[in-house]
Student: 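One structure, pasted below without further comment.
Each chain gets a letter, A, B and so on, in the order the sequences are listed, and its residues count up from 1.
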Protein chains: 2
Amino acid sequence: MPTIIDGKEVAAQVLAECAQEIAELKSQGITPGLAVVLVGEDPASKVYVSSKVKKCAELGLHSEKIVLSKEATQEEVFAVVERLNRDPTIHGILVQSPPPPQIDEAAIVRAINPAKDVDGFHPENVAKLALEDSSGFVPCTPAGCMRLLAAAGVETSGKEAVVVGRSMIVGKPMALLLVAKGSDATVTIAHSRTKNLAEVCRRADIVVAAVGIPDFIKAEHIKDGAVVIDVGINRVEDASRKSGYRLCGDVDFEAVADKTHAITPVPGGVGPMTIAMLIKNTIKAAR
Amino acid sequence: MPTIIDGKEVAAQVLAECAQEIAELKSQGITPGLAVVLVGEDPASKVYVSSKVKKCAELGLHSEKIVLSKEATQEEVFAVVERLNRDPTIHGILVQSPPPPQIDEAAIVRAINPAKDVDGFHPENVAKLALEDSSGFVPCTPAGCMRLLAAAGVETSGKEAVVVGRSMIVGKPMALLLVAKGSDATVTIAHSRTKNLAEVCRRADIVVAAVGIPDFIKAEHIKDGAVVIDVGINRVEDASRKSGYRLCGDVDFEAVADKTHAITPVPGGVGPMTIAMLIKNTIKAAR
């Protein structure tokens, strides 16, 4: 029977550590503060932003939610970021992705003070990750995946890992984390142009799926006894649900789970980790 | 019979392109300038620095060679870098690696104006490479390897590439270049902790060896018909040579060549490309 890696439980552990660190910081007169900027009205973005702010409140973190209209200009977003860069009560800033099309997201990310870039997307933090300089911020989702592997007791050294997806949000940082000294995995980055993807994935002791396609990874992709981390959070229409949709991973859990040594479910796997790592990064920023 | 990829010839093509670009820039009153800083008396470093300066002279580039004693302090090196950052006749700056042990090389690299960092080692350029932002400088050796692959007509899209070595000088940037959109290879990064290295390498359509161990890659590592790029430039004692040594790659050429579709020799493969790409980066910096 496979181990179902319980992201809610591991996230709760991370948040318990965070609560202790927050208490310490508060005793020194510091309340870590996170600002979340939402531009427009994307429904998924609204949900993410609300749950981040709610989690801050639960933990006694200071948080600020700034909502700009979907017609906001680049200059308006810059002005908000610059105000937050200067605000001493704010240690972490994130601008919820994706912004509306008139906004140059990369330029906004570059405008964030790298020391407050708790999403880890600023070029200075990207470089620190590549250079294995631990003073930077690691993007929350791949950081959460690494923590799940550790929590499940998965040894990465000398193991074959295949990361499916080459985005700068998940795929590339995940590959850089797995190949870094200390993790020491042999890492393959696969993507939409990869030929024989099933064969490539079947080599893997550890598969990380980050493609954004529901149920994309099937049994043929998975070696017996592999560990599978499913980063996908896809909304699939489902008339039987009140919301009209259900969440579905990039991995066909039903088809794959029995072959694995351990696997993350969706929901309740990587998802809860992302927000926990965001809180952890915010505390790091406050230190 | 394998194609022996002639690095001298490809480098000559790159330098011919450079000569044309230099002529154009000069007609606009701009002479690209490169400053090479050597700290200490490492014999290999001295050779590299001299050949870089000589190549600049051949091409009509302005160059400056700054030699500091092996007792130079961090502050002295900083002072030189800061002067060069301000010097309008200097468009490219490189500090020859490795400096003596009292020098913090990473701090020196960070002090170089990223717009003059023709080695591509500054964090801003590292991030641009990871983010696939072509406005940055790509490290010369991996850039040279990509050019050799193109010159040999090697298609990378959908091909399996294995990069052996995970340094920020060659291994990681090479992997990032091969996996980037447009190159589209499926890339595996292998290293000293990789198990079954021969098996991992045998999957590869393209093997890039950057480990710094003479004759490390043997026939058992190479699939029939693979393309092999040998980044190693190792000095091996050889009493029969006047110099007392010969240059030797990371690939056992004799054992491997006949199995390959194409292979780079050492010397005369990747080596000449590095300096050609440095000149190309200096011209880019001057534009």
Side-chain angles (χ1 to χ4, degrees), chain A residues 105-107 109-110 114 117 120-133 135-136 139 155-169 171-173 175-176 178-197 199-201 203-205, chain B residues 105-107 109-110 114 117 120-133 135-136 139 155-169 171-173 175-176 178-197 199-201 203-205:
Chain A
E105 188 173 10
V109 168
R110 282 195 302 272
D117 167 44
F121 298 155
H122 188 284
E124 201 167 304
N125 289 312
V126 171
K128 283 183 174 177
L129 179 59
L131 296 165
E132 303 185 19
D133 174 345
S135 72
E155 174 62 79
T156 54
S157 180
K159 293 286 157 50
E160 290 247 13
V162 174
V163 177
V164 190
R166 56 178 162 173
S167 78
M168 267 320 296
I169 313 290
K172 282 189 196 171
L176 289 168
L178 284 164
V179 84
K181 289 202 178 68
S183 298
D184 296 319
T186 300
V187 180
T188 299
I189 309 175
H191 46 79
S192 55
R193 298 297 182 91
T194 294
K195 286 178 186 157
N196 307 320
L197 181 69
E199 194 186 305
V200 170
C201 289
R203 302 170 190 156
D205 302 304
Chain B
E105 189 173 11
V109 168
R110 282 195 301 273
D117 167 45
F121 298 155
H122 188 283
E124 200 167 305
N125 289 312
V126 171
K128 283 183 174 177
L129 180 59
L131 296 164
E132 303 185 19
D133 174 345
S135 73
E155 175 62 77
T156 54
S157 180
K159 292 287 157 50
E160 290 247 13
V162 174
V163 177
V164 190
R166 56 178 162 173
S167 78
M168 266 320 295
I169 313 290
K172 282 190 196 170
L176 289 168
L178 284 164
V179 84
K181 288 202 180 66
S183 297
D184 296 319
T186 300
V187 179
T188 299
I189 309 175
H191 46 79
S192 55
R193 298 296 182 90
T194 294
K195 285 177 186 159
N196 308 319
L197 181 69
E199 193 186 306
V200 170
C201 288
R203 301 170 192 159
D205 303 303

Student: In terms of heavy-atom proximity below 4.5 Å to chain B, should A:A175 be classed as side chain, backbone, both, or neither?
Tutor: neither

Student: What part of A:L197 lies closer than 4.5 angstrom to a heavy atom of chain B: side chain, backbone, both or neither?
Tutor: neither

Student: For the OG atom of B:S192 and the NZ atom of A:K181, what is their distance to the nearest 0.5 Å?
Tutor: 7.0 Å

Student: Taking all heavy atoms of B:M168 and all of A:A130, pick out the closest pair and write down the distance.
Tutor: SD-O, 3.4 Å

Student: When heavy-atom pairs shorter than 4.5 Å are enumerated against chain A, which of B:A106, B:P123, B:S167 gives the highest number?
Tutor: B:P123

Student: To the nearest 0.5 Å, what is the distance between CG (A:L176) and CZ (B:R166)?
Tutor: 12.0 Å

Student: Could you check whether A:E160 pairs with B:R203 (Lys NZ or Arg NE/NH1/NH2 to Asp/Glu carboxylate O, under 4.0 Å)?
Tutor: yes

Student: Counting only heavy atoms closer than 4.5 Å, note whether B:K128 contacts chain A via side chain, backbone, both or neither.
Tutor: neither

Student: Do B:E132 and A:K172 sit within salt-bridge range, that is, some charged N less than 4.0 Å from a carboxylate O?
Tutor: yes

Student: Listed by residue number, which members of residues 184-191 of chain A have a heavy atom under 4.5 Å from any heavy atom of chain B?
Tutor: A:D184, A:A185, A:T186, A:V187, A:T188, A:I189, A:A190, A:H191

